[in-house]
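Naming: A, B, ... by sequence-line order, numbering from 1 per chain.
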Amino acid sequence: MNPQFVGLAGILAFFALLILRMPIAYAMALVGFAGFSLLASPTAAFSMVAKETYLTFSSYSLSVIAMFVWMGFLAYYSGIGSRLYVLAYKLIGHYPAGLAIATQAACAVFGAICGSNTATAATMGAIALPEMKKYKYDISLATASVAAGGVLGVLIPPSVIMIVYGMATEQSVGKLFMAGIVPGMLLMALYMAAIFILAARNPDLGPAGPKAGWEERINALRGGLGEVLIVFSLSIGGLFAGWFTPTEAGAVGAAGVLAVALVKKRLNWEGFKKSLFDATRTTAMIMLMVAGAVIFGRFMAISRVPFELANWAGALPFPPFVIMAVILLIYLVLGCFIDALALVLLTIPIFYPVAVTTLGYDPIWFGVIIVMVVAMGVITPPVGMNVYVIKGVAPDIPLETIFKGIWPFLLALVICLGILIAFPQIATFLPNILLG
Amino acid sequence: SSSTPSPKQDKPAAVELKLAHFFPSTHPAETELIQPWAKAIEEATGGQVKITSYPGQTLLTADAIYDGVVTGIADIGMSCFSYTRGRFPVLEAFELPGITYNNSKVASKVAWEGIQQLNPQEVQDTKLMMVLTTGPGDLFTKVPVRSLSDLQGLEIRATGLSAKTLEILGATPVAMPQSEAYEALSKGVVQGNLSPVEVLQGWRHAEVTDYLTRTPFLYNTLFFITMNLDKWNSLTPDTQKAIEEVNKKYFEEVAMGLWDKQNESALKWAVEETGMEVIELPQAEAERWISLVKPIQDDFVAKMNEKGLDGQQILETVKKLADKYNQEYK
Amino acid sequence: MKKFSGLVAGLSRLLDRIAALCIVSVMVLVVANILLRALLGRPILGTYEYVGFLTAAMIGLALASCALQNGHIAVSFVMEKLPARIQACVDIIINVFALCFWGLAAWYTGKYANGMTVSGVVSPTTQTPFYPFVYLVSFGLLALCLVLLAGLVESIKRAAINK
Ligand code: NA
Ligand code: NA
């Protein structure tokens with residue numbers, strides 16, 4: 001049987017199972033297994049499923065997801081997140097959708113501690129969603145803005161995806177990290193602009209509150225900022241002072257929030273237990289999906305579909321920038337149904353030589369572009385990991401409601417990508433100045 | 001072929017083999033070894049054996065590669081024995097500290113010949129095609145290490161056997177994956193790394209460290225290229241012979257010196273581009289280090305004896321070969 | 001049958017409790033390691049390996065409880081538009097598929113663990129054996145199967161009611 005045919009049939013089978021309401025993680029693992037069985041052997045396929053499931057679950061670099069997810073729920077149940085949002089509401093709540101705009105800034109700040117898009121979405125989701133709901137924000141805008149905000153987690157350093165890219169291409173992780181800073185800021189600004197425009201056209205999306213007086217604001221500042229500031233400065237400060245690594249920062253964050261909540265007597269035993277069970281549920285959901293994506297990725301590799309695509313694109317008789325556009329398009333399409341991390345692991349060894357060696361593009365710039373493109377995939381249907389994470393954090397909201405709100409943010413991402421392609425210096429000037 | 005004609009006189013269908021490894025697709029292990037070697041095999045077998053490489057862990061995760069070959073997920077695999085510690089107890093002899101290897105040529109030759117002589121039980125479940133090594137590793141650090149006293153309490157990234165080695169030397173080993181080391185070095189979570197010099201350029205560690213202390217007696221890592229036994233046995237004797245000849249040629253001409261080439265160019269880059277200072281330990285100082293790590297060798301011997309193997313004899317075999325080839329490849 | 005689903009729910013919750021304990025242990029371990037490293041220069045050498053083990057155990061043991069709470073996300077807006085009986089029938093088929101698949105996956109994960117026992121694989125630094133944690137993941141997958149089985153019984157009932 002032709003492997004590429006089996007690969008494409010597998011993608012169709014995956015869609016069929018999705019429509020028939022099979023959980024996404026199961027569908028990815030099952031189709032990945034079935035395809036691998038056909039192309040190798042059933043024994044090899046089962047052995048692959050067992051190994052990859054265990055190795056994904058036990059991955060040290062992914063353990064950070066569990067910690068940050070728990071941190072998010074701790075902040076929620078202890079009311080620390082709520083206090084922060086009271087403050088934000090008092091400061092800019094009188095602008096339409098002000099809280100959604102503030103959430104983007106919060107995602108960017110959080111992205112400076114957390115290197116994972118899923119963990120950023122989960123933590124910020126746990127903190128921000130209940131608050132935006134409380135202030136009667138449109139649920140579609142609220143959920144989508146957090147799902148999209150998670151992308152800032154991998155663009156602003158530290159970033160798991162950039163580490164994986166650096167590992168697969170032998171590029172400097174330090175340069176990649178620096179190259180992500182300005183594009184991350186740019187994307188945040190574009191997100192904010194998108195929300196601003198949406199709310200200007202339809203103020204009901206984020207109803208404006210009464211304008212708070214300065215006394216009220218200062219009171220909210222006293223009540224909300226101190227504790228958050230302690231945790232954040234501890235996390236960011238410790239990261240830069242070299243007390244701990246980005247993977248360790250998750251545990252530090254969770255411990256910090258827990259300590260603050262206990263000292264201030266804001267968390268009772270019930271809340272503590274709830275935060276834990278929400279964290280185990282959400283982490284199990286995310287990690288089974290990552291394992292499914294890895295298994296599906298193994299099937300894609302053995303079907304050689306990505307290899308053939310790379311060969312085909314590399315041999316097109318067009319100028320380099322057209323081929324680059326084709327490559328990015330391929331990534332956008334693959335990103336629709338493969339998770340970001342699995343996609344980078346699977347395709348960078350295949351596409352990188354085409355883009356950098358054959359076409360001569362700057363490897364650091366290509367890294368930033370790839371992070372942006374695969375991160376777009378985490379919010380595009382049908383497989384958008386960040387959207388699922390938000391669904392996991394807020395189970396009562398239908399998936400299609402979240403996806404419906406995604407489009408403006410996707411547009412912002414596309415514009416950001418376009419700017420980066422037109423002006424590559426936005427990504428490359430910082431690492432070039434600082435690291436030569 | 002003349003000795004084993006196929007039942008119908010026409011050509012049997014070509015065998016297609018999937019090769020899994022973890023090196024990036026731009027790494028010399030792929031571009032200078034795997035690719036040319038696979039092509040040579042295809043030519044030597046008249047197109048009967050076709051090998052397709054899956055680099056960068058696209059088919060199997062690094063620590064699942066050996067077992068993946070046993071179970072047939074991949075037909076051929078290249079990875080490190082030490083990723084699955086305990087699975088290859090005898091082969092740990094080739095990675096013991098306290099044995100000096102001048103370079104990767106020596107270390108590879110010792111490993112490959114030693115494995116032929118010892119023929120350990122643990123690698124009988126696949127067809128071993130080649131074993132190559134990184135050769136010795138050096139200490140690269142943010143502060144100069146000129147003697148043992150400089151090393152006391154210094155936080156050095158290391159895993160596995162190296163962690164034990166550094167502990168015994170008085171350093172503070174910090175275990176973390178190689179993928180985290182750059183960030184950890186850059187922010188100062190750790191002060192150094194014990195690794196082959198290649199890492200300076202390949203993982204860009206020269207950007208975040210300033211000193212390199214040569215320690216050709218502390219570190220070695222073995223890589224295997226191995227094949228699924230059923231797949232190997234399904235090949236005709238002529239095909240097998242042709243492949244063995246290609247293996248021999250590529251081991252001698254490419255594999256055994258592969259890391260030397262990379263180590264040299266990485267060192268040159270680190271010194272010339274990032275201003276790294278190279279520190280050579282005086283002979284007496286090096287002797288002190290070597291005598292300190294001796295208990296690790298004793299541990300190994302004791303562990304082998306527990307398993308009913310002659311630990312001392314295994315260790316002597318390795319040392320003798322190391323002496324022999326250190327003379328040959330300076 | 002009520003008894004069976006009650007039993008499954010009880011087991012899932014018990015495993016989830018152990019998973020919660022694992023999450024707390026990871027946090028305590030990592031923070032203790034950072035403090036010992038920064039203040040005393042004596043890090044816990046095995047932290048990075050233990051975190052991997054504990055995280056694997058945590059996720060494995062939480063799978064069933066997550067499934068029990070319908071936490072494994074599915075796309076439902078197409079199926080919701082179909083008549084209840086057809087929905088129930090499709091659910092039966094999907095559940096059977098999932099049950100068979102995860103059942104076999106649990107079995108092969110157990111085999112993988114057994115293989116690790118035989119070959120004696122241990123973690124590189126602390127030389128802790130892997131197999132207990134792989135068995136735990138296998139057990140977690142098995143518990144997931146029990147939840148799927150209870151769900152299957154539920155779908156069959158629904159198909160029968162909507163006749
Ligand atoms: Na980040
Ligand atoms: Na997507």
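- Minimum interatomic distance between A:V49 and C:A105 (heavy atoms only, all atoms of both residues): CG1-CB, 4.1 Å.
- Minimum interatomic distance between C:I23 and A:M67 (heavy atoms only, all atoms of both residues): O-CE, 3.5 Å.
- A heavy-atom distance below 4.5 Å is not found between the side chains of A:Y26 and C:F97.
- Summarising the geometry, atom CE belonging to A:M22 is positioned 11.5 Å from atom CE belonging to C:M79; distances are rounded to the nearest 0.5 Å.
- The contact between A:K51 and chain C is made by backbone and side chain atoms together, counting heavy-atom distances below 4.5 Å.
- Taking the side chain as every heavy atom from C-beta outward, C:D91 and A:R21 approach each other to under 4.5 Å.
- Remark: A:I163 engages A:V173, A:F177, B:S179 in a side-chain contact (heavy atoms from CB on, under 4.5 Å) (not counting sequence neighbours).
- Between C:N33 atom CG and A:E248 atom CD the span is 6.0 Å, to the nearest 0.5 Å.
- Distance check, rounded to the nearest 0.5 Å: CD1 of C:I94 to CG of A:L20 gives 5.0 Å.
- Proximity to chain C involves both the backbone and the side chain of A:A29, based on heavy atoms less than 4.5 angstrom apart.
- Contact count versus chain A (heavy atoms, under 4.5 Å) is highest, among C:H72, C:R13, C:K111, for C:H72.
- Aromatic ring orientation, A:Y60 versus C:Y48: perpendicular (interplanar angle above 60°, classes split at 30° and 60°).
- The CG atom of A:L17 sits 11.0 Å away from atom CD1 of C:I93, with the distance rounded to the nearest 0.5 Å.
- Between chain A and the residues C:T109, C:I59, C:V31, the most heavy-atom pairs under 4.5 angstrom are made by C:I59.
- Two residues are said to be in side-chain contact when any heavy atoms from C-beta on lie closer than 4.5 Å; A:F46 and C:L104 meet this criterion.
- Proximity to chain C (any heavy atom under 4.5 Å) is shown, for A:S59, by neither the backbone nor the side chain.
- When all heavy atoms of A:F57 and C:L63 are compared, the closest pair comes out as CE2-CD1, 4.0 Å.
- Using a 4.5 Å heavy-atom cutoff, the side chains of C:R37 and A:F244 are in contact.
- The 12-atom threshold is exceeded at CZ of A:F277, counting heavy atoms of other residues, nucleotides or ligands nearer than 6.0 Å.
- Neither the backbone nor the side chain of C:L136 comes within less than 4.5 Å of any heavy atom in chain A.
- In this structure, no portion of A:I286 lies under 4.5 Å from any heavy atom of chain C.
- Taken from CG in A:L30 to CH2 in C:W102, the straight-line distance is 8.5 Å, to the nearest 0.5 Å.
- The residue from C:D16, C:I18, C:L15 that alone fulfils the side chain to side chain contact (heavy atoms under 4.5 Å, CB included) condition with A:T280 is C:D16.
- Separation of the A:F33 and C:F101 ring centroids falls under the 6.0 Å cut-off.
- Other residues, nucleotides and ligands contribute only 12 or fewer heavy atoms inside 6.0 Å of the OH atom of A:Y76.
- Chain A forms more heavy-atom pairs under 4.5 Å with one residue of C:L35, C:V51, C:L29, C:L61 than with any other, namely C:V51.
- With respect to chain A, the highest number of heavy-atom pairs below 4.5 Å among C:V30, C:V28, C:N95 belongs to C:V30.
- Highest contact tally toward chain A, considering only C:Q69, C:E80, C:M58, is held by C:Q69 [criterion: heavy-atom pairs under 4.5 Å].
- Heavy-atom pairs under 4.5 Å with chain A peak, among C:A19, C:A106, C:A56, C:A113, at C:A56.
- If you take OG on A:S47 and OH on C:Y108, they are separated by 9.0 Å, rounding to the nearest 0.5 Å.
- For a residue to count as touching a neighbouring chain, one of its non-hydrogen atoms must lie under 4.5 Å from one of that chain's; by this rule A:I19 touches chain C with backbone and side chain alike.
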